[in-house]
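Lettering of chains follows the sequences in order, A, B, ..., and the numbering in each one begins at 1.
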Amino acid sequence: MRVIRDQIKGQPIQIHVVETPDDLPAFRDFVESNRRLLGWDTETTGLDWWNWDRDFRVRLAQFGNASESFVLPVELEGVYASAAKWALGAAERLVAHNGTFDRHVAKVSWGVPMEYLARKSWDSKLTGHLVDGRGVKGGGPSMSLEDQVTHWIDAEDGKRIKGSKAIMAKDVKATTKTFWPIIPLDHPLYLLYAGVDPMWTYRLLLIHWRKIKARTKGLIPWEHQLAHITAEMEHRGVLLDEEYTKKCIDELHTEEEKQKAIAAAYGVEKVGSSNQIVAALEKEGITLTEKTSKGNIKTGEEILGKIDHPLCGAILKASKASKQRSTWFENALKGMDSTGRIHPSVNSLEARTSRMSINGSFAAQTIPKGSSYVRHMLLAEPGHRWGAIDYGNMELRGLAAWSGDPRLLKAFHENLDLHDMTAEAAFGSDVWKMGDPGHHPKRAAGKGTNYTVCFGGGWNAVHTQWGISEEDSKKAVNAFWEAYPGAKRMSRRLMDQARRQGGIYTATGRWVPVDPDRPYAALNYYVQGSCRDITAYGLFKLQEAGYGEFMRLPVHDEVVFSFPENEAEEMAREAARLMEFTVNGLLIPADPEVGLRSWGSVLELEDSKH
DNA sequence: TCCGTTACGTA
DNA sequence: CGTACGTAACGGAC
């Protein structure tokens with residue numbers, strides 16, 4: 001058996017590379033004596049595990065503790081895969097970094113049920129987030145294995161691994177994204193890269209465990225359970241309307257070509273190029289002046305949309321068609337498996353505030369909702385109908401409940417219009433009395449203020465983003481804090497805590513770091529983070545009640561489903577009831593909607609609030 | 001090939 | 001003192 005000797009943080013490590021079946025007894029001995037906690041990982045041909053019946057393969061499986069690991073060439077012979085499968089069964093506890101991916105792999109490659117592994121798994125990506133959930137941009141460690149190693153173990157080791165990818169890619173004349181299926185199984189850097197992974201995840205878990213704040217510890221099983229639920233949704237996938245998708249690609253392509261030709265006639269070859277746009281418009285006698293924060297000239301919709309010139313319309317139409325085509329339809333088609341389903345990747349614990357994100361085949365959380373054009377490409381299962389259940393006014397209700405402000409609470413308990421209330425507090429009731437039919441004439445300012453303040457904004461944000469006059473914005477924001485002193489106290493308390501401790505705890509005890517120069521964000525972090533856990537709790541209840549197999553994706557304050565046609569309405573009502581949650585006596589309601597076959601059909605319901 | 005910037009979509 | 005994301009295209013840096 002080949003042994004690679006190296007170091008982590010200057011400490012000696014050993015990677016045992018299994019080369020023949022004769023090496024397996026030593027592997028089994030190792031697993032037996034490390035069964036209490038075993039780090040593991042897989043190397044594959046790519047991330048598209050759903051193509052297991054096409055060209056996806058698992059190549060290596062690795063198991064280890066803090067200083068020793070074994071690498072199995074599972075791609076070669078069944079005997080190695082059997083050994084890997086046995087090890088997964090023999091371990092009492094497993095730890096992996098982003099282990100949901102490896103559980104997909106174990107399921108499609110070796111038939112190991114995801115649920116079986118989930119029950120005894122830790123995930124160092126999740127524990128890392130519980131310690132400090134900030135990404136690199138937010139001044140934090142960031143959750144990728146390389147970044148976690150760099151931050152918590154050894155900066156040199158982290159960089160070395162990053163560099164080794166580039167070298168491997170070069171060795172096989174490929175890129176860092178394409179070398180995975182072709183790198184030889186015995187490439188020394190590949191074996192080193194693979195072999196250190198289980199050691200790192202093992203070490204990271206122990207480091208994180210010590211650092212997770214006492215109040216946050218309770219979320220460890222919570223996050224692992226949630227990650228399992230979303231992994232099952234990933235595994236199930238969402239049915240794609242292939243015919244419709246292809247039709248849209250053609251349509252958009254035609255539109256794009258048409259508009260590009262118009263733009264080209266004015267000298268704009270690349271409709272996304274600000275330089276070309278500025279130069280072409282200059283020739284037409286139009287000078288753009290508005291600058292971005294970096295001093296470049298702005299050429300977005302905001303600017304071009306206001307100019308009455310055929311070039312501007314063509315540029316906007318061409319880039320919109322192009323972006324829709326590639327972002328939605330082509331990405332989805334590329335990600336389709338042999339059964340016609342796509343498998344977007346759900347990151348169950350992503351943002352600083354813990355909100356989930358979805359990427360991959362399509363970014364479900366950014367799918368346009370102004371029109372049903374894109375949403376029509378996603379279908380419920382045959383004989384099913386699409387269901388969508390969303391929480392109503394979740395964040396403002398949360399603010400009311402957690403702050404305990406009497407007027408905010410009264411508004412929701414008595415079904416009053418909070419936007420009218422804020423408008424009244426700011427601009428008086430001379431022209432409008434509570435309870436009168438219709439709305440306060442300045443309701444828009446009230447609405448903008450409610451949302452903006454809840455999200456940590458001030459009068460300037462109300463002014464610029466809601467189109468409210470400067471004077472009204474100032475008046476409304478001041479009035480908000482006056483009218484709802486409970487919210488003011490809550491914000492102040494959180495800012496104090498953030499200044500003293502560097503962060504805040506959400507309603508579920510989650511630690512969220514707050515930047516010292518942005519203490520005002522603390523209120524939003526509390527509300528956003530706590531609301532995310534209400535959605536998470538809803539998913540637990542749904543799973544527990546047997547609704548798991550019908551769930552498709554979580555979309556912030558919404559969950560989408562594929563329900564059997566005959567019981568769809570009833571199931572949606574029951575699911576909504578399960579999701580509803582009461583915070584300090586205030587209900588966060590969940591509204592069920594059932595469409596026809598496609599996601600888009602829900603949007604077209606007459607009574608849809610969307 | 002990588003990465004910062006800008007733009008635009010969502011809650 | 002708006003917050004949190006993902007994706008695409010461009011264009012300079014390497």
Can you measure A:Lys270 atom NZ to B:dT6 atom P for me and round it to whole angstrom units? 18 Å
Answer with base, sugar-phosphate or nothing: what part of the nucleic acid does A:Trp328 contact at a heavy-atom distance below 4.0 Å? nothing
Remember a base hit wins even if backbone is also touched, and classify A:Ser273 as base, sugar-phosphate or nothing at under 4.0 Å, heavy atoms. sugar-phosphate
Across all strands, who's sitting opposite C:dC1 as a Watson-Crick or G-U wobble pair, both distances under 3.5 Å? none
N/O (side chain, A:Lys369) to phosphate O (OP1/OP2, B:dA11) under 4.0 Å: yes
Expressed as a whole number of angstroms, how long is the span from A:Arg532:CZ to C:dA4:P? 16 Å
Tell me if the aromatic rings of A:Trp180 and A:Tyr193 count as close, with their centers under 6.0 Å from one another. yes
So does A:Asn296 get a side-chain nitrogen or oxygen closer than 4.0 Å to the phosphate oxygens (OP1/OP2) of B:dT6? yes
In whole angstrom, what separates A:Asn478's CG from C:dC1's P? 9 Å
Heavy atoms only, 4.0 Å cut-off, all strands: where does A:Glu395 land among base, sugar-phosphate and nothing? nothing
Is A:Arg518 close enough to C:dA4 that one of its side-chain N or O atoms is under 4.0 Å from OP1 or OP2 there? yes
OP1 or OP2 of C:dC5 less than 4.0 angstrom from a side-chain nitrogen or oxygen of A:Asn347, does that happen here? no
Would you say B:dC2 has OP1 or OP2 under 4.0 Å from some side-chain N or O of A:Thr176? yes
Classify A:Ser274 by what it touches in the nucleic acid, base, sugar-phosphate, or nothing, heavy-atom distance under 4.0 Å. nothing
Kindly say if A:Ser357 contacts the phosphate of C:dG6, meaning a side-chain N or O under 4.0 Å from OP1 or OP2. yes
Can a side chain N or O of A:Arg352 be found less than 4.0 Å away from OP1 or OP2 on C:dA4? yes
Please tell me which of the listed nucleotides, C:dT3, B:dC8, C:dT7, lies nearest to the side chain of A:Glu301? B:dC8
From the set C:dA8, C:dA4, B:dG9, return the single nucleotide nearest to any side-chain atom of A:Ser326. C:dA8
Between A:Tyr526 and A:Trp402, does the ring centroid distance fall short of 6.0 Å? yes
Assess A:Lys213 against A:Trp511: is NZ or CZ under 6.0 Å from the centre of the six-membered ring, and within 45 degrees of the ring's axis? yes
Nucleotide C:dG6, atom P - distance to CD1 of A:Ile358 in whole Å: 10 Å
Within this structure, what is the CZ-to-P distance between A:Arg325 and B:dG9, rounded to whole angstrom? 17 Å
Side-chain donor/acceptor of A:Lys323 to base of B:dC8, under 3.5 Å: yes
For the pair A:Glu256 and A:Arg325, find out whether any cationic side-chain nitrogen is under 4.0 Å from an anionic carboxylate oxygen. yes
Under 4.0 Å between a side-chain N or O of A:Asn331 and OP1 or OP2 of C:dT7? no
Separation of A:Leu553 atom CG from B:dT10 atom C1', in whole Å? 14 Å
Nucleotide nearest A:Ser322 when distance is taken to its side chain, options C:dA9, C:dG6, B:dA11: C:dA9
With respect to the phosphate group of C:dT3, does any side-chain polar atom (N or O) of A:Tyr525 fall under 4.0 Å of OP1 or OP2? no
Please state how far atom CG in A:Asp557 lies from atom P in B:dA11, giving the value in whole angstrom units. 7 Å
Check every strand shown and say whether A:Gly360 touches a base, only sugar-phosphate, or nothing at a heavy-atom separation below 4.0 Å. sugar-phosphate
Protein-nucleotide distance (A:Arg375, atom CZ; B:dT10, atom C1'), rounded to Å: 8 Å
Has A:Asp515 got a side-chain atom pairing as donor or acceptor with A:Asp517's backbone, closer than 3.5 angstrom? no
For residues 263-271 of chain A, which side-chain N or O atoms pair as donor and acceptor with protein atoms under 3.5 Å away, sequence neighbours left out?
none

A:Gln528 side-chain proximity, nearest of C:dT3, C:dG6, B:dG9: C:dT3
Base, sugar-phosphate or nothing for A:Thr299? Non-hydrogen atoms, less than 4.0 Å. sugar-phosphate
Pick base, sugar-phosphate or nothing for A:Tyr451, based on heavy-atom distances below 4.0 Å to the nucleic acid. nothing
OP1, OP2 of B:dA11 versus side-chain N and O of A:Tyr391: anything below 4.0 Å? no
For A:Leu288, look at atom CG and say whether over 12 heavy atoms of other residues, nucleotides or ligands are found less than 6.0 Å away. yes
